[in-house]
Amino acid sequence: MLKRQFFKPYAGVLLTTLSGYSVILVGLLVFALQLSQEIDDFTAQTNKLYQHPFQVNAAARISRQAVSTLRAELLYAVIDQSIIEHNKINQERHKQQVALNDSLTTIEANFLGDMSQVYEARSLVNNLHQIHSQIFSLLANQDITAAEDLIKSKATPMHESLLKRMDYIVDYSSNKAADLVAQAKERRNESKLQLWLLLIVFALFTLFSGTVTATIVLRSLYRRDIILRETNENLRVAATAFEAQEGMMITNAENKILRVNSAFTKVTEYQAADVIGQDPNVLSSGKHDLLFYEQMWREINHDGYWEGEIWNQRKTGEIYPQKLTITAVKDGEGEVCNYVSTLNDITRNKEAEKKIADLAYFDPLTRLPNRRLLLDRLHHALATSSRNGHEGALLFLDLDHFKTLNDTLGHDMGDLLLQQVAIRLQKCIRESDTVARFGGDEFVIIIEGLSVHGFLAAAQVEDISNKILNSVNAPYDLAGQAYKTSTSIGITLFNRQKTAAEELLKQADIALYQAKEDGRNSMKFFDPQMQANISARAVLEEELHLAVERQQFELYYQVQMSQDNIPLGAEALIRWNHPQRGLVSPLEFIPLAEQNGSIVEIGQWVLKTACRQLQAWQQHAATKELTLSINVSAKQFHQDSFVRKVRAAVNRFAINPRLLKLELTESLLLDNIENTIAKMRELSMLGIQFSLDDFGTGYSSLQYLKQLPLYQLKIDKSFVDDLVTDDSDQEIVRTIIAMAHSLGLSVIAEGVETEQQQLRLYNEGCTYYQGYLFGRPETLEAYELRVKKIHKAEC
Ligand SMILES: Nc1nc2c(ncn2[C@@H]2O[C@@H]3COP(=O)(O)O[C@H]4[C@@H](O)[C@H](n5cnc6c(=O)[nH]c(N)nc65)O[C@@H]4COP(=O)(O)O[C@H]3[C@H]2O)c(=O)[nH]1
């Protein structure tokens, strides 16, 4: 093929040159033929012209001679009439007449001059013969006079006239000969010139065509050189490309393997020798049916190209996914001569694709479907249920106290727990059902194909939920650490009545909230009343945002007592004077405020009000020593500006910072502990004191307690409640007190309602108390009255 391509330009050049020559040669030939024809014509004409002077001249001379002879004979006969009788003279006369006639005929045929002279000569000759006959008759009759008269009057003038014309003819033909010589010369010169021109044209043409041919040949050689170089380069590139990263295979038109590269061996594990001469179907995995290959070849034959993914088999028998392209290569005649295939092992791509799909639809930690896939399956389940009439259920789960685990034992432990819970949840349901991780510690379960009767379906779900509660309750082993947890479940059922997926999730969430409200580790079915409560909650949330601005908050004060019933100070507890609802408990709105962020504003109001109050108390002897504790929520504390705000409030109201106590919770402390410690240190440098609220409910450890600049531990009400009856609570309280003392911290117990509780606490070493036994949270006036009364009594 290469050879043919290589010689193609030469054939072209040769053909062009030859055809050029042929055209020009044909042209020249035609021209030469024309010239030769012209020369022939010219020769014929020339011959005639050449004849003319000789024939005509000769004839004219003969005629002249004949006329002269005839005249002489006539005159001779006048003198001697006897000769007329002689045959000889008659013969001579006849001979001269014939000569005269013949020569005149020759002249008539060839003369080129004025023919009237010739015709007149002819007429004269004819008449002359008659006149001569008459004269001879007269002479024969001896009528000499008449004969002489006739000679004189007619014959002689006719002789002279005839001779004159013959002279003209002789002259003309003689002159014509000279002309012809000159013309011949001229013609010869013209022919010579034409011949030279012909030669020059031919020489020029040869030169030109030679140059053109040489240029074309040189150009072709140059092009051939370039093509050769390009071909070499292309071959080099092709060879490099052939040995590229992707596997390559070249087959012939019969689809037998001709060549493979080393990447092919890497992918298929077949050596070149294994496959050369074979059909590429040695690589087939058997995973595709005949129809697949038929379609593939239909495309190759139609488009000359096929690209797709295919399952092939390595030499070892391993089946793997491959990206394959097949290109049909055609020769110069448009016939397929080869097929070039590129093949890439896309096992890794497939894995990556799967990973991406997993990431898009599965939770990477638990490998459970994520929110997106859950919604997808829920839509599907709703469609199925409305088709077959079977009830389905949506369960919303949330692990109880998961945040505390995360905060205390760390996120890794939290992750371990989520993974183990995920496994347990999966075991509680059928494979056709779905457990999804909805986010954080929230799981959602879709159960399908329940009874067609709602009450039976509810019972079925209750059974499953109980199974789940029990399963989640079982102890966990978190990296060697034993752990127990529980979950709360909100349940909603779905059936033919079409409810949107999002709406169902909301219902299950509401039910979950209710389950949590009911004390956790329980399940709750969604009911419309719950929905109403939730809606009311949403309204409350809205109103909370405006409560500070509308001055609807008030601080209540709960006295804190020493063992000697001396009021040491108070805890400020917020109340919301709602225009319609009356006093709203902080237990109802503080969690909401924490959720929607309005706690920051509320906290700031509490801080300022407390400082203003401390300032006011400084004016009276009965109250000037009182401390005031305020609750600080996590969101409030973790603001960057918190320290600055406290400092500003202390300065603004010029209070003794030692009288301001900030009550923090354990979970607050553990969240970003370094930052918390830094802030606490900064504030304690100002003189502010810290009390650790609800102590004992979390994962308090000596480890971090030591690092905190605390002033006081507050024993949670839950331990105080059963302190008298429950030995373990008593043990806990004892430990807390001992721990506080060992750290040099003050201890106060909250929720002290009875004297027995106070006595127990006192016996264990706790000397400060807060609780209904001493006083409930009360208005400022009531509190001040109480304090002043005791102060007065003391005085
Ligand atoms: N049954 C019983 N209860 C007792 C007894 N002694 C005190 N209490 C109640 O226990 C709660 C003590 O407050 P807390 O643990 O800080 O718990 C507080 C605190 O966490 C939060 N809170 C209250 N005011 C504020 C505030 O201004 N800011 C923030 N962030 N939280 C506040 O609301 C929670 C509830 O406050 P309250 O409803 O005022 O409830 C108060 C109080 O009325 C008792 O002997 N028996």
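All residue numbers refer to positions in the sequence shown, counting from 1. Keep in mind the model is a prediction, meaning the values are calculated, not measured. Just follow the structure's listing: the first ligand is 1, and inside any ligand the first atom is 1.
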So for ligand 1, is E750 a polar contact partner (N or O within less than 3.5 Å, distance only)?
yes

Considering R776, K717, E571 one by one, which has a heavy atom nearer to atom 1 (N) of ligand 1 than any of the others?
K717

Derivation of the side chain to side chain donor-acceptor pair (under 3.5 Å) call for Q689 and Q712
CA-CA 8 Å; Q689 297 186 330; Q712 189 174 61; over 6 Å; no

Evaluate the 4.0 Å heavy atom contact test for atom 32 (C) of ligand 1: does a protein atom fall under the cut-off?
yes

K635 side-chain N/O to N596 backbone N/O, donor-acceptor pair under 3.5 Å
no

Salt-bridge contact K403-D441 (side-chain N to carboxylate O under 4.0 Å)
no

shortest atom 46 (N) of ligand 1-to-protein heavy-atom contact is with E753 OE2, 2.5 Å

Inspect the contact between D721 and K717 and indicate whether a charged nitrogen and a carboxylate oxygen are less than 4.0 angstrom apart.
yes

Note the single closest protein heavy atom to atom 6 (N) of ligand 1, along with its residue, its atom name and the distance in Å.
Q558 NE2, 3.0 Å

Check for me whether the distance between the ring centres of Y769 and Y762 falls short of 6.0 Å.
no

Short N or O distance, L773 and ligand 1, threshold 3.5 Å exclusive:
no

Under 4.0 Å between a Lys/Arg side-chain N and an Asp/Glu carboxylate O for K679 and E682?
no

Whether E554 and R575 form a salt bridge (side-chain N of Lys/Arg under 4.0 Å from carboxylate O of Asp/Glu) is what I want to check.
no

If you measure from the Lys or Arg side-chain nitrogens to the Asp or Glu carboxylate oxygens, is any gap between E543 and R550 under 4.0 Å?
no

With heavy atoms and a 4.0 Å threshold, my read on which part of E594 contacts ligand 1 is neither

Is atom 12 (C) of ligand 1 touching the protein, meaning some protein heavy atom lies under 4.0 Å away?
yes

For L573, which part has a heavy atom under 4.0 Å from ligand 1: side chain, backbone, both, or neither?
both

Out of V720, N631, L664, who gets a non-hydrogen atom closest to atom 19 (C) of ligand 1?
N631

For atom 8 (N) of ligand 1, state which one of Y769, F589, F553, Y772 supplies the nearest heavy atom.
Y772

